[in-house]
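Everything on this sheet refers to the single structure shown next.
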Amino acid sequence: MTFDEFGTENGKTLLLLPGTACTYQINFRNVLEELAKRYHLICVNYDGFDGDATVPFPDMITVTEKIERYLLDKHDGRVDGAYGSSLGGSFVGLLIQRKNVHVDHGFIGSSDLDQGSPLVAKIMTKIIGGAIQGASESEKKRKRLYKLLEMGIHMQINEETREFMDEFADSMQSLHPDTICNEFYSDYVTPLEDGISVPGTTVHVIYALKMGPKYEKRYCQHFRNPDILRFDMQHEAWMFEKKWARPVLEAIDKCMSA
């Protein structure tokens, strides 16, 4: 597991937590430079995504504990903000829920926060986790993954998203064979409490409306009075579609300055 810090020397701290099957370099590739101009970034690559292909992703709680230990050791257990993209939003929720470190502003980036039984998790992992893991093996399997993303989170594969998705799919070749399925399964079965509320912490949701209305219900279920910021975009589109980058960055800046 790796932690890279860079950006403004004395700026507010912003922890960046990537999504499913992603390094922070891929996940935040198009917005990292702008974020670094604004904040002191703490960028995480989870076990399994840190360049050591001999070690798979373990589970959500083990990784959360490692993030907590780093923040306690290096930042006195406190950050100004934490942005969790997709699956990374589950980590933001866990960090806030567990109260071992303090996050002033937690950002849930288009996370689905989907949870279920171990049986359902095994089925979903075989279908979706297997599709992600195999995306680098052939063009047919890559197209299958794109189709699942279009159906599941309404992510449209266009000229702007294809470059990101191709890099994402190619990166699967460098991972331990168990990493993707471990990550997907663990996220699905690790419980996030309902009505999470911590004094001094505000939860902001970057809500991609094209994902559908059921996700807003989940945000309101898991977090008490979340600040829901609605954007008529697809899942985390601000990461790869230029027209959304500025409004989302401005929204983050406004929240962080409050």
Side-chain angles (χ1 to χ4, degrees), residues 7-8 11-19 24 27-28 31-32 34-35 37-44 64 67-68 71 75 77-115 153-154 187 190-239 241 243-258:
T8 57
K12 288 189 174 182
T13 50
L14 181 62
L15 178 70
L16 296 185
L17 299 163
Y24 79 80
N27 201 139
F28 298 95
V31 297
L32 202 57
E34 286 299 319
L35 287 169
K37 292 177 183 178
R38 295 162 159 81
Y39 306 106
H40 180 82
L41 300 180
I42 308 165
C43 302
V44 180
T64 301
I67 296 170
E68 290 171 342
L71 295 179
H75 292 276
R78 189 184 190 102
V79 289
D80 296 301
Y83 189 102
S85 178
S86 195
L87 169 139
S90 295
F91 281 118
V92 172
L94 287 170
L95 289 170
I96 296 171
Q97 168 184 302
R98 288 161 55 88
K99 302 178 184 177
N100 293 320
V101 297
H102 185 83
V103 179
D104 288 348
H105 298 277
F107 294 91
I108 308 298
S110 298
S111 308
D112 61 32
L113 302 183
D114 205 3
Q115 297 179 16
I153 58 175
H154 308 287
D187 182 42
T190 301
L192 197 61
E193 295 174 359
D194 292 344
I196 297 170
S197 179
V198 174
T201 296
T202 303
V203 173
H204 312 276
V205 179
I206 305 298
Y207 177 33
L209 292 173
K210 293 189 183 301
M211 290 178 64
K214 68 179 180 180
Y215 294 100
E216 183 169 354
K217 293 180 181 179
R218 287 183 190 169
Y219 303 141
C220 293
Q221 171 190 340
H222 290 297
F223 303 104
R224 188 182 302 170
N225 300 319
D227 174 30
I228 299 181
L229 307 170
R230 299 171 179 83
F231 297 89
D232 192 25
M233 63 183 184
Q234 59 184 298
H235 180 271
E236 287 292 76
W238 74 283
M239 300 287 186
E241 290 187 12
K243 71 176 182 178
W244 292 114
R246 182 175 295 279
V248 174
L249 284 167
E250 288 177 350
I252 293 172
D253 290 345
K254 183 177 181 180
C255 294
M256 289 285 285
S257 64

What's the separation between atom [atom1] in [X] and atom [atom2] in [Y], rounded to the nearest 0.5 Å?
{"X": "Ser111", "Y": "Leu17", "atom1": "OG", "atom2": "CG", "value": "10.0 Å"}
{"X": "Glu236", "Y": "Asn27", "atom1": "CD", "atom2": "CG", "value": "7.0 Å"}
{"X": "Lys214", "Y": "Asp112", "atom1": "NZ", "atom2": "CG", "value": "8.0 Å"}
{"X": "Cys43", "Y": "Leu15", "atom1": "SG", "atom2": "CG", "value": "8.5 Å"}
{"X": "Ser110", "Y": "Met211", "atom1": "OG", "atom2": "CE", "value": "5.5 Å"}
{"X": "His105", "Y": "Thr201", "atom1": "NE2", "atom2": "OG1", "value": "9.0 Å"}

Ion pair check, [X] and [Y], cut-off under 4.0 Å:
{"X": "Lys12", "Y": "Asp104", "result": "no"}
{"X": "Glu34", "Y": "Arg38", "result": "yes"}
{"X": "Arg224", "Y": "Asp194", "result": "no"}

Task: Test of ring centre spacing under 6.0 Å for Phe231 and Tyr207 - done: no
Open item on the list: Using ring centroids (six-membered ring only for Trp), state whether Trp238 and Tyr83 fall under 6.0 Å.
Closed with: yes
Task: Pair Leu16-Leu35, side chain to side chain contact (heavy atoms under 4.5 Å, CB included): steps then yes or no - done: CA-CA 10 Å; Leu16 296 185; Leu35 287 169; 4.1 Å; yes
Considering only heavy atoms from C-beta outward, does the side chain of [X] approach that of [Y] to under 4.5 Å?
{"X": "Val92", "Y": "Val103", "result": "no"}
{"X": "Cys255", "Y": "Leu229", "result": "yes"}
{"X": "Leu94", "Y": "Leu192", "result": "yes"}
{"X": "Leu71", "Y": "Val79", "result": "yes"}
{"X": "Leu41", "Y": "Leu32", "result": "yes"}
{"X": "Ile228", "Y": "Cys220", "result": "yes"}
{"X": "Ile206", "Y": "Met233", "result": "yes"}
{"X": "Glu68", "Y": "Leu95", "result": "yes"}

Task: Pair Asp253-Tyr39, side-chain donor/acceptor within less than 3.5 Å - done: yes
TODO: Establish, from distance only, whether the side-chain atoms of Asp80 and Thr13 form a donor-acceptor pair under 3.5 Å.
DONE: yes
Open item on the list: So which atom in Gln234 and which in Ala208 form the shortest heavy-atom distance, rounded to 0.1 Å?
Closed with: O-CB, 3.4 Å
Task: Closest non-hydrogen atom pair between Leu113 and Ser90, with its separation - done: CD2-OG, 3.9 Å
Any sub-3.5 Å donor-acceptor pair from [X]'s side-chain atoms to [Y]'s backbone N or O?
{"X": "His222", "Y": "Ile196", "answer": "no"}
{"X": "Ser85", "Y": "Gly19", "answer": "no"}
{"X": "Thr190", "Y": "Asp187", "answer": "no"}

- [ ] Report the C-alpha distance between His75 and Ile42 in whole Å, list the side-chain angles of each, state the deciding distance to 0.1 Å, and finish with yes or no for side chain to side chain contact (heavy atoms under 4.5 Å, CB included).
- [x] CA-CA 10 Å; His75 292 276; Ile42 308 165; 3.4 Å; yes
Open item on the list: Quick check on Arg98: does its CZ atom have over 12 non-hydrogen neighbours (other residues, nucleotides or ligands) under 6.0 Å away?
Closed with: yes
Open item on the list: For His40 and Leu14: C-alpha separation, side-chain torsions, deciding distance, then whether side chain to side chain contact (heavy atoms under 4.5 Å, CB included) applies.
Closed with: CA-CA 6 Å; His40 180 82; Leu14 181 62; over 6 Å; no
